[in-house]
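When a residue number appears, it is its place in the shown sequence, counting from 1.
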Amino acid sequence: MGLLKGKRILLGVTGSIAAYKSAIIVRELVKAGSEVQVICTPSALQFVTPLTLGTLSKHPVLDALVKDPEAGVWTNHVELGLWADLMLVAPASANTLSKMAHGEADNLLLTTYLSARCPVYFAPAMDHDMHEHPANAENIQTLIQRGNIHIPAESGELASGLEGKGRMAEPEHITSFLESYLLESAPLREMKVMITAGPTHEPIDPVRFIGNYSTGKMGYALAERALQLGASVTLISGPTHLKSPAGATVVNVHTAEEMHAAAKAAFSECNIAIFSAAVADFRPAQASPEKIKKENSVPVIHLEKTIDILHTLGNTKTGQIVVGFALETENEEENARRKLVQKNADIIVLNSLRDEGAGFGGDTNKVTLLSSNKTVPLKLMSKADTAAGVFDFIIEEFL
């Protein structure tokens, strides 16, 4: 689904036998593309080692407010609380749940919890009788009433040998719960996004083509971001060496004609259409069916224009939000605004080859977002962050 990709997650581990499952939770979250920072209570370290959790998360495990008393080095729990997109306490013991409910702050996990501005999820883990005790049930309800999100315990065999409710939800159930909950509040939930990406290759003969330097990185970053925002994504891609975004429907094409046919088929069903592909402007009027031999005279290749996909589909839109890309070398904003009108687009994302770090090939981009009444320049940033900026603009201005 992709909703956890790029999320910064604080995982709080407490003193419960279920702490051994926290290693699996870390693995599942990292596999989903999250950045995970683990915080352990002192008692959690009796059940699971920092080496295991640190190796899996690729971050040293935090377990103390003071790192080095002699040097005066401490762990800034406030910064941790601001850093995270979400906090997950799993397993959440009865002791930690009580302290969370009553505002106690006697360890790093609790001080971070009290500082967190992000959504906090908790997955209780304890024996059945402890789970059902009115004091524990009241603590859970208190946390829910305060806006914390409860991942209910499951029933089954417990560490005591008894059967009943109190088992921490299985790691895969926890990650599924997080994705489902994130989807409920995702701004592009139930929306369909179509994105074109990469170059097109217009054949000269069976082994040569007219193309450009586009790698598709920007379009693929847009697809990843749309998935994170809960959208159903159709990615129409020219030839690239990039890995397909998990969860997207990918349609591979080579020529402008093929890209137009695929985009036309998806356009009527989408809510947002982003034309980020670098479509070749010209193609050979007639491709040779055989390889052109260099021993022959130098060939003359007659070119013809390819179809303007953005113009063609933009002028047939029936409520879609249409986003086009413009790569300019002179009179950048003037040319981009002309395209905004001519192609009946809602947004033009302007690239200037004058800007270092922008354009084809690299991992960064610097763009300006233009709508009919607004111009928003973005600073030089990664293409992933640029994609986030594009969607922020779409959501703020049109949704």
Is there a side-chain contact between [X] and [Y], using heavy atoms and a 4.5 Å cut-off?
| X | Y | value |
| --- | --- | --- |
| Leu88 | Ile151 | yes |
| Asn136 | Met130 | no |
| Lys165 | Glu154 | no |
| Val323 | Ile348 | no |
| Leu178 | Ser176 | no |
| Ile174 | Met168 | yes |
| Ile395 | Pro187 | yes |
| Met126 | Leu97 | yes |

Sort and list the pairs that fulfil ring-ring contact (aromatic ring centres under 6.0 Å, His included) and have at least one residue in residues 370-399, not counting sequence neighbours.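 Counting only pairs at least two positions apart or across chains, no ring-ring contact (aromatic ring centres under 6.0 Å, His included) contact touches residues 370-399.
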Got a sec, which pairs hit salt bridge (Lys or Arg N to Asp or Glu O under 4.0 Å) with one end in residues 91-112, sequence neighbours left out?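 Of all non-adjacent pairs touching residues 91-112, those that pass salt bridge (Lys or Arg N to Asp or Glu O under 4.0 Å) are Lys99-Asp106.
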Run the numbers on Val13 and Val38 for side chain to side chain contact (heavy atoms under 4.5 Å, CB included), then give the verdict. CA-CA 7 Å; Val13 183; Val38 179; 3.9 Å; yes
What do the steps show when you test Met87 against Leu109 for side chain to side chain contact (heavy atoms under 4.5 Å, CB included), and what is the final call? CA-CA 10 Å; Met87 184 174 186; Leu109 174 56; 3.4 Å; yes
Show the nearest heavy-atom pair for residues Thr240 and Gly198, with the distance to one decimal.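 Residues Thr240 and Gly198, closest heavy atoms: CG2-CA, 4.2 Å.
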Could you walk me through whether Lys366 and Thr386 pass the side chain to side chain contact (heavy atoms under 4.5 Å, CB included) test, one step at a time? CA-CA 8 Å; Lys366 184 179 181 183; Thr386 302; over 6 Å; no
Pairwise distance [atom1]([X]) to [atom2]([Y]) - rounded to 0.5 angstrom:
| X | Y | atom1 | atom2 | answer |
| --- | --- | --- | --- | --- |
| Leu10 | Glu35 | CG | CD | 10.0 Å |
| Leu350 | Ile347 | CG | CD1 | 13.5 Å |
| Leu3 | Glu184 | CG | CD | 10.5 Å |
| Arg167 | Ser155 | CZ | OG | 9.5 Å |
| Met381 | Leu378 | CE | CG | 5.0 Å |
| Ile9 | Leu4 | CD1 | CG | 5.5 Å |

Look at the side chain of [X] and the backbone N and O of [Y], then say whether any donor-acceptor pair between them is shorter than 3.5 Å.
| X | Y | value |
| --- | --- | --- |
| Ser93 | Thr14 | no |
| Asn212 | Ala278 | yes |
| Asn365 | Lys383 | no |
| Gln320 | Thr318 | yes |
| Asp63 | Ile39 | no |

Sorted by first residue and then second, give each side chain to side chain donor-acceptor pair (under 3.5 Å) pair with at least one member in [range]; sequence neighbours left out.
| range | answer |
| --- | --- |
| residues 108-128 | His77-Ser115, Tyr113-Asn148, Asp127-Ser160 |
| residues 193-207 | Thr200-Glu202, Asp205-Arg208 |
| residues 265-293 | Arg283-Glu304 |
| residues 249-261 | none |

Only distances under 3.5 Å count here; give the side-chain donor-acceptor pairs of residues 44-53 to other protein atoms, sequence neighbours excluded, each with its distance to 0.1 Å.
unit_1	atom_1	unit_2	atom_2	d
Thr49	OG1	Thr52	N	3.2
Thr49	OG1	Thr52	OG1	2.9

Side-chain donor-acceptor distances from residues 229-238 under 3.5 Å, at least two apart:
unit_1	atom_1	unit_2	atom_2	d
Ser237	OG	Tyr220	OH	2.8

Excluding sequence neighbours, so at least two apart, what forms ring-ring contact (aromatic ring centres under 6.0 Å, His included) with His150?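 Per chain and number, His150 pairs via ring-ring contact (aromatic ring centres under 6.0 Å, His included) with Phe122.
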Just jot down the ring-ring contact (aromatic ring centres under 6.0 Å, His included) partners of Phe267, sequence neighbours excluded, or say none.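 ring-ring contact (aromatic ring centres under 6.0 Å, His included) check on Phe267 returns nothing, list empty.
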Under 4.5 Å side-chain heavy-atom separation, chaining through any Ile, Leu, Val, Met, Phe, Trp or Tyr, what else clusters with Ile204? Say none if it is isolated.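 In the cluster with Ile204 are Ile210, Phe282, Ile292, Ile301, Leu303.
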Glu170 bridged to Lys21 by N-O distance under 4.0 Å: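 The answer is yes: the pair qualifies as a salt bridge.
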Electrostatic pair Asp363:Lys217 at N-O distance under 4.0 angstrom: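 Looking at Asp363 and Lys217, the cut-off is met.
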When clusters are formed by joining ILVMFWY residues with side-chain heavy atoms under 4.5 Å apart, either directly or through shared neighbours, do [X] and [Y] land in the same one?
| X | Y | answer |
| --- | --- | --- |
| Met194 | Phe325 | no |
| Ile140 | Val120 | yes |
| Ile274 | Val367 | yes |
| Ile17 | Val26 | no |
| Val61 | Val30 | yes |

Surrounding CZ of Phe177 (heavy atoms of other residues, nucleotides or ligands, distance under 6.0 Å), is the total greater than 12?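 Yes, the 6.0 Å shell around CZ holds more than 12 heavy atoms from other groups.
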For Glu138, does the CD atom sit with more than 12 other heavy atoms under 6.0 Å from it, leaving out its own atoms?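 No, not enclosed.
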We want to know whether Asn95 and Ser98 form a side-chain donor-acceptor pair, criterion being a heavy-atom distance below 3.5 angstrom.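 There is no such pair between these side chains.
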Flag for Thr375-Arg337: side-chain donor and acceptor within less than 3.5 Å: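 There is such a pair between these side chains.
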Only pairs under 3.5 Å count here: list side-chain donor-acceptor contacts from residues 339-346, not counting sequence neighbours, and write none if there are none.
unit_1	atom_1	unit_2	atom_2	d
Lys339	NZ	Glu328	OE2	3.0
Lys343	NZ	Asp308	OD1	3.4
Lys343	NZ	Asp308	OD2	2.4
Asn344	ND2	Gly314	O	2.9
Asp346	OD1	Lys317	NZ	3.2
Asp346	OD2	Lys317	NZ	3.0
Asp346	OD2	Val322	N	2.8

Check step by step if side chain to side chain contact (heavy atoms under 4.5 Å, CB included) holds for Met100 and Thr96. CA-CA 6 Å; Met100 289 168 65; Thr96 294; 3.7 Å; yes
